[in-house]
Amino acid sequence: MQTVTVDPREIREAVTMRAAIDAVRGGFVDLAAGGFEMPTRTVLRDGQFLVMSAHHRASASAMIKTLSLDFGRVPAIAGTVVWTETGRADSLVADAGTVTALRTGAAVGVATDLLAPAGAGRLTLVGAGGQAPDQVRAVHAVRPLREVTVVDTAPDRAAALAETLAAELPGTRISTAADAEAAVGDAEIVCCATPATSPLFRAAALPARVHVNAIGAFRPTMRELPDELLATGTVVVDEREAVLEESGEIRHALEAGALTEDDLVELGTALTAPEAPRGERTVFKTVGVAMQDWAIARLLADAFLP
């Protein structure tokens, strides 16, 4: 019996974004079919410590992620992802920060592929923190990007991310901005990756046709999106129970009467259901569920365990 430890560099070398998207897509389908035992995550110290677990019934495998979160620290996310299964005695421990960035990006890739217009190629990214690069990589994997605008209140941080992205996406025009409301005006896809506690822009600032991903707000006190957008758009979520418990924008919109629980469509259901009518504006709201971490951990187990 051995425990294999996988560091951030090894994770990146072993798992491409395309592979992560495919794995997470399959996980959402299995989740909708009842293939997982997945308790609501444990939240301690108002979100500074999180514990998430998932058991995949068909493979008799399980993942437990434990992390600490501090937006004033680099990296903001630190912790471990542990993989075990009944079929072999070996286990795997991986860096939680890297796994979280990959799986969150992958979920956005799945949702964007499903919901964004086929020719969409202009992305506005609001937030240039640790989760931001994989948001762009995931969108680019499913909708090749012509233009990316990086918005952040810290110009140096936006410029640093723009430089990184320019090196990775040589055929894409990369620019920076400080005003989110102005920057979303001609976007075809918007990704929000901030710890905001109030909406980042008004719904009226968005184009008539746009797809919006929101990953940053993961506690009831946090909000990135306005009620008006949720009221008028098609809203897809990672898991209904999770967003009702943790998403500030979903809870706020429900309390304001802008949404009902029946308006929320789970991503796994949307992936497997017959094509349903959608509005010109679509929204994917995720707080992150353990199945996503399990999907990346499974790829790592296949790559590193004998």
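These numbers come from the heavy atoms of this one structure, side chains and all, not from hydrogens, waters or symmetry mates.
One distance of note links CD1 of Ile250 with CG of Asp227; it measures 9.5 Å at 0.5 Å rounding. Rounding to the nearest 0.5 angstrom, the gap separating the OG1 atom in Thr104 from the CD1 atom in Ile77 is 7.0 Å. A distance of 4.0 Å separates CG of Asp152 from CZ of Arg157, quoted to the nearest 0.5 Å. Of the inter-residue distances, the one linking Arg298 atom CZ with Ser59 atom OG reads 4.5 Å to the nearest 0.5 angstrom. Taking CZ of Phe284 as the reference point, atom CG of Asp238 lies at 5.0 Å (rounded to 0.5 Å). One distance of note links CG of Asp186 with CD of Glu188; it measures 8.5 Å at 0.5 Å rounding.
Annotation: side chain of Thr100 is in contact with side chain of Asp293 (closest heavy-atom distance under 4.5 Å). Under the 4.5 Å side-chain criterion, counting only non-hydrogen atoms from C-beta, Leu244 is in contact with Leu264. Val99 is listed as a side-chain neighbour of Leu300, based on a closest heavy-atom distance under 4.5 Å. Using a 4.5 Å heavy-atom cutoff, the side chains of Cys191 and Thr124 are not in contact. Taking the side chain as every heavy atom from C-beta outward, Phe28 and Glu266 never approach each other to under 4.5 Å. Proximity of Val136 to Val150: side-chain heavy atoms (C-beta onward) are nowhere separated by under 4.5 Å. Side chains of Val151 and Leu125 form no contact here, defined as non-hydrogen atoms less than 4.5 Å apart. Within the 4.5 Å cutoff, no side-chain heavy atoms of Asp7 are placed close to those of Asp95.
Taking 4.0 Å as the cut-off between side-chain N and carboxylate O, Arg12 and Asp134 count as a salt-bridged pair. Under a 4.0 Å N-O distance rule, the pair Glu245/Arg219 does not qualify as a salt bridge. Taking 4.0 Å as the cut-off between side-chain N and carboxylate O, Asp113 and Arg25 count as a salt-bridged pair. Contact check on Glu228 versus Arg202 returns no salt bridge, with no Lys/Arg side-chain nitrogen under 4.0 Å from an Asp/Glu carboxylate oxygen. Under a 4.0 Å N-O distance rule, the pair Lys285/Glu249 qualifies as a salt bridge.
In this structure, Val243 is not a member of the same hydrophobic cluster as Leu31, with clusters built from ILVMFWY side-chain heavy atoms closer than 4.5 Å. Hydrophobic clustering, with ILVMFWY side chains joined whenever heavy atoms are under 4.5 angstrom apart, keeps Val190 apart from Val108. Both Leu267 and Val142 are part of a single hydrophobic cluster, where members link through side-chain heavy atoms under 4.5 Å apart. Under the 4.5 Å side-chain heavy-atom criterion for Ile, Leu, Val, Met, Phe, Trp and Tyr, Ile189 and Leu230 are members of distinct hydrophobic clusters. Taking hydrophobic clusters as Ile, Leu, Val, Met, Phe, Trp and Tyr residues chained together by side-chain heavy-atom distances below 4.5 Å, Ile296 shares a cluster with Val110.
Taking the side-chain contact (heavy atoms from CB on, under 4.5 Å) definition, one finds that Pro117 meets it with Ala120, Arg209, sequence neighbours left out. Checked against side-chain contact (heavy atoms from CB on, under 4.5 Å), Pro220 has the following partners two or more places apart in sequence or in another chain: Arg251. The salt bridge (charged side-chain N to carboxylate O under 4.0 Å, His left out) test applied to Arg57 returns no partner, not counting sequence neighbours.
Between Phe36 and Trp294, the ring planes lie perpendicular to each other; the angle is over 60°, past the 30° to 60° tilted range.
A side chain to side chain contact (heavy atoms under 4.5 Å, CB included) with Thr3 is found for exactly one of Asp90, Val82, Val93, Thr84, namely Val93.
Panel note: side chain His56, backbone Ser61; no donor-acceptor pair is recorded below 3.5 Å. With hydrogens and angles ignored, the 3.5 Å screen pairs no side-chain donor or acceptor of Thr149 with any backbone N or O of Ser175. Remark: the backbone N or O of Leu123 is not paired with any side-chain donor or acceptor of Glu147 at under 3.5 angstrom. Between the Thr282 side chain and the Thr234 main chain, no donor and acceptor come within less than 3.5 Å of each other. When atom types are taken as modelled, the side chain of Gln292 and the backbone of Val289 share a donor-acceptor pair closer than 3.5 angstrom. At least one donor-acceptor pair closer than 3.5 Å links the side chain of Arg73 to the backbone N or O of Ala76.
Pairing each heavy atom of Ala297 with each of Trp83, the nearest pair is CB-CE3, 3.7 Å. For the residue pair Leu69 and Phe218, the shortest heavy atom distance occurs at CD2-CZ, 2.9 Å. Residue Ala290 comes nearest to Ser53 through the heavy atom pair CB-O, 3.3 Å, listed as atom of the first residue, atom of the second, then distance. Heavy-atom minimum distance, Arg146 versus Arg122: NH2-NH1, 3.7 Å. Between Val287 and Arg41, the shortest heavy-atom contact is O-NH2, 2.9 Å. Heavy atoms only, all atoms of each residue included: Leu206 and Arg281 are closest at O-NH2, 2.9 Å.
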Practice problem: For side chain to side chain donor-acceptor pair (under 3.5 Å), just list the numbers for Arg9 and Thr98, CA-CA rounded to whole Å, side-chain angles, deciding distance to a tenth of an Å, and then say yes or no. | Solution: CA-CA 9 Å; Arg9 177 187 59 79; Thr98 308; over 6 Å; no
Practice problem: Using the side-chain contact (heavy atoms from CB on, under 4.5 Å) rule, take Leu225 and Val212 through it: C-alpha gap first, then chi angles, then the decisive distance, then the call. | Solution: CA-CA 9 Å; Leu225 305 180; Val212 179; 3.9 Å; yes
Quiz prompt | Pair Asn213-Thr112, side-chain contact (heavy atoms from CB on, under 4.5 Å): steps then yes or no | solution = CA-CA 8 Å; Asn213 300 299; Thr112 301; 3.0 Å; yes
Practice problem: Apply the test side-chain contact (heavy atoms from CB on, under 4.5 Å) to residues Leu102 and Val15: give CA-CA distance (whole Å), side-chain angles for both, the deciding distance (0.1 Å), then the verdict. | Solution: CA-CA 9 Å; Leu102 261 175; Val15 180; 4.2 Å; yes
Quiz item: What do the steps show when you test Thr197 against Thr221 for side-chain contact (heavy atoms from CB on, under 4.5 Å), and what is the final call?
Solution: CA-CA 6 Å; Thr197 56; Thr221 54; 5.5 Å; no
Practice problem: Kindly indicate, with the supporting measurements, whether the criterion side chain to side chain donor-acceptor pair (under 3.5 Å) is fulfilled by Glu241 and Thr40. | Solution: CA-CA 8 Å; Glu241 183 180 354; Thr40 302; 3.1 Å; yes
Quiz item: Going through the checks in order, is the salt bridge (charged side-chain N to carboxylate O under 4.0 Å, His left out) test met by Glu261 and Arg240?
Solution: CA-CA 8 Å; Glu261 291 187 22; Arg240 183 179 284 106; 5.4 Å; no
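Within a 6.0 Å radius of CD in Glu163, other residues, nucleotides and ligands contribute 12 heavy atoms or fewer.
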